Amino acid sequence: MVATLANWLDERFGWRKVWEAIFLRKIPHVNWLYTLGSATLFVATLQIVTGILLTIYYVPTPDHAYDSVIYISTEVLGGWFIRGLHHWGASAMVILTVLHLLRTFFYGSYKFPREITWVTGVFLLLIVIGFGFTGYLLPWDQKSYWATTVGTEIVGVAPGIGDWLLRVARGGDELSAVTLARFFGAHVWVLPAIRLTEA
Amino acid sequence: MPISISPALAKKAEEWVRLGAVSKVEPGNPTLFKATVERQTGWITDQEEISAYVLTDDGQNFVAMSNICTHLGCRVRWIGDQERFFRPCHNAVFAKDGTVVDSPPPRPLDRFETKVENGVLFIRRG
């Protein structure tokens, strides 16, 4: 019964070829370091799911951001768990992506014919850092406020256009409601969209 | 996902709300009382005005009715000349005691539990 259905679907979608290409491909000298890539993919999926759930309650305005985050952690059923996964998952993303990059570098896996994979990977790392940087501000507590003050100040020391870049990053001269709103927009719309177009 | 249905599982707040002096109720005429209550929704605490029509025949026993129509939640209004509650939506009409005169409402106006303490009327919200 199951086999009949699997065959029926394979005749129409050719899924077995895809399955074989992804999961049954033989790699010489496999070790645990080769799981870093799929570990990254797993945590990324976790971040998407928990992030979507958090937006059900989170509000990106100075009036309500902090209160809504506290509400998630203390009132929402299982909210502390979802937020915890998203919080620690963010750190895990950065660590796993960097380890995966190091593995690729030291095993020489970036060489022909995989140069493009390396370039895409570097962009993905930048996107992960962008997610981390924008997401860090969203709880709107003292730590996130000052971390973003410092982080955007760094943008400001770029020669020539630094001042202008700083104002673009903050949406003004100071950290404000505009900053919080644009960081939220970048975190949940812009970066996911770039991420989708890239891979 | 439990996280998304969480607010629906919260217990409703129940409390006695002070309406005002019982002497303000005109016997035989539904009298509108308004009270401000504190309301907690999510992470926001707000003031909310609730209204009740209070009816008494003898000045001893009180009936407090919600002004929220039992059909789809519009507010009803007592029109003294016609001795009826009218509602702007769907042309519903309720009698003085809250019974349905003209459909579509499925049941009479909801009643609050009442109590009187030192000449002050309270209703139970919840």
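Just so it is clear: chains get the letters A, B, ... in the order the sequence lines come, proteins before strands, and each one is counted from 1. What you see is a predicted model; the values in this text were computed from it and never measured. Heavy-atom basis, side chains included; hydrogens, waters and symmetry copies ignored.
Atom CH2 of A:W15 has more than 12 neighbouring heavy atoms from other residues, nucleotides or ligands inside a 6.0 Å radius. Shown here is A:Y34, whose OH atom has more than 12 heavy atoms of other residues, nucleotides or ligands within 6.0 Å. Counted within 6.0 Å of CD on B:E83, heavy atoms from surrounding residues, nucleotides or ligands total more than 12; the atom is thus considered enclosed. More than 12 heavy atoms of other residues, nucleotides or ligands shown are found within 6.0 angstrom of CZ on A:R12. Around the CG atom of B:L9, the shell of radius 6.0 Å holds more than 12 heavy atoms that belong to other residues, nucleotides or ligands. Crowding of B:K34 atom NZ: a count of heavy atoms from other residues, nucleotides or ligands under 6.0 Å not exceeding 12.
Using a 4.5 Å cut-off between non-hydrogen atoms, no part of residues 19-33 of chain B approaches chain A. Close approach to chain B, defined as a heavy atom under 4.5 Å from one of its heavy atoms, is seen in A:I56, A:Y57, A:V59, A:H64, A:D67, A:S68, A:Y71 of residues 54-71 of chain A, taken by number.
The OG atom of B:S4 sits 12.0 Å away from atom CD1 of A:I52, with the distance rounded to the nearest 0.5 Å.
Every residue meeting the salt bridge (Lys or Arg N to Asp or Glu O under 4.0 Å) condition with A:D10, not counting sequence neighbours, appears here in chain and number order: A:R16. In this structure, the ring pair (Phe, Tyr, Trp, His ring centres under 6.0 Å) partners of B:H90, at least two apart in sequence or on a different chain, are B:H71.
A:L138 and A:F133 fall within the same hydrophobic cluster, where Ile, Leu, Val, Met, Phe, Trp and Tyr residues are linked whenever their side-chain heavy atoms come under 4.5 Å apart, directly or through other members. A chain of hydrophobic side-chain contacts below 4.5 Å, direct or via other Ile, Leu, Val, Met, Phe, Trp or Tyr residues, connects A:Y110 to A:L102.
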